[in-house]
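This structure is a prediction, so every number in the text was calculated from the model and none was measured. For the single chain, residues carry numbers from 1 onward in sequence order.
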Amino acid sequence: MLAGHDESGGDLIEKDGTKVKLFYGMSSATAMEKHVGGVADYRASEGKTVEVPYRGNVENTVLDILGGIRSTCTYVGASQLKELTKRTTFIRVDEQENRVYSE
């Protein structure tokens, strides 16, 4: 959710005229190369390195999130965050698809 912002890690690169940031998990070959000098012979790289769209300053995304929370509170009639659990029914989602990693 916060990857791709100025404040997040990863290198900012330009690809085909579009800015992207490299985002990688700590079990990726990128992370192991950067932090421990490479993937050890007895290990395997388990993570991925992906390109995410560059999103600028994180403040804009945080303001969007806060706006969504305010709207939610308005829809359910909650004047405070702690009222959300009394005015709604939360449903646990067991599976989600993250299209960034599905390629």
Side-chain angles (χ1 to χ4, degrees):
M1 192 176 204
L2 300 177
H5 291 91
D6 292 330
E7 294 82 359
S8 65
D11 296 327
L12 178 63
I13 60 172
E14 191 166 327
K15 186 173 183 180
D16 300 326
T18 303
K19 290 182 180 181
V20 296
K21 282 193 94 172
L22 297 179
F23 176 76
Y24 57 88
M26 290 312 291
S27 291
S28 67
T30 303
M32 288 190 240
E33 191 67 42
K34 187 172 187 175
H35 299 287
V36 293
V39 180
D41 292 339
Y42 61 91
R43 294 193 67 180
S45 170
E46 298 174 13
K48 283 188 171 187
T49 300
V50 296
E51 296 171 357
V52 295
Y54 173 64
R55 301 178 68 192
N57 193 294
V58 75
E59 180 180 6
N60 299 322
T61 299
V62 171
L63 291 175
D64 282 345
I65 294 167
L66 291 174
I69 293 170
R70 286 187 198 96
S71 291
T72 300
C73 287
T74 300
Y75 295 146
V76 301
S79 60
Q80 298 178 3
L81 287 177
K82 65 183 176 180
E83 291 179 25
L84 281 177
T85 57
K86 296 174 186 162
R87 301 189 179 269
T88 58
T89 301
F90 289 91
I91 299 170
R92 180 175 294 191
V93 177
D94 291 330
E95 288 188 39
Q96 293 186 48
E97 180 181 357
N98 187 338
R99 296 182 191 269
V100 171
Y101 296 109
S102 62
E103 294 177 3

Inset, instruction - Of all the heavy-atom pairs spanning Glu7 and Gly56, show the shortest one and how long it is. - result: OE1-O, 4.2 Å
Inset, instruction - Could I get the full list of side chain to side chain donor-acceptor pair (under 3.5 Å) partners for Ser8, not counting sequence neighbours? - result: none
Inset, instruction - Give, for atom CD1 of Ile91 and atom OG1 of Thr89, the distance between the pair rounded to the nearest 0.5 Å. - result: 7.5 Å
Legend entry - Donor-acceptor side-chain pairing of Thr18 and Glu14 below 3.5 angstrom: no
Legend entry - SG on Cys73 to CG on Leu81, rounded to 0.5 Å: 5.0 Å
Legend entry - Shared hydrophobic cluster, Ile69 / Val76 (ILVMFWY, side-chain heavy atoms < 4.5 Å): yes
Legend entry - side chain to side chain donor-acceptor pair (under 3.5 Å) partners for Asp6, two or more places apart: Tyr54
Inset, instruction - Calculate, to the nearest 0.5 Å, the distance between atoms CZ and CD belonging to Arg87 and Gln80 respectively. - result: 10.0 Å
Legend entry - Donor-acceptor under 3.5 Å (Arg55 side chain, Met1 main chain): yes
Inset, instruction - Would you check if Asp11 and Lys21 make a side-chain contact, meaning some heavy-atom pair closer than 4.5 Å? - result: no
Legend entry - Criterion side chain to side chain contact (heavy atoms under 4.5 Å, CB included) on Phe90 and Thr85, from CA distance to verdict: CA-CA 8 Å; Phe90 289 91; Thr85 57; 4.1 Å; yes
Inset, instruction - Without swapping roles, check the side chain of Ser28 against the backbone of Tyr24 for a donor-acceptor pair under 3.5 Å. - result: no
Legend entry - His5 and Asn57, any side-chain heavy atoms less than 4.5 Å apart: no
Inset, instruction - Kindly say whether Ser79 contributes a backbone atom to a donor-acceptor pair with the side chain of Glu83 at under 3.5 angstrom? - result: yes
Inset, instruction - Would you mind listing the cluster partners of Leu22? Hydrophobic ones only (ILVMFWY), side-chain contacts under 4.5 Å, chaining allowed. - result: Ile13, Val20
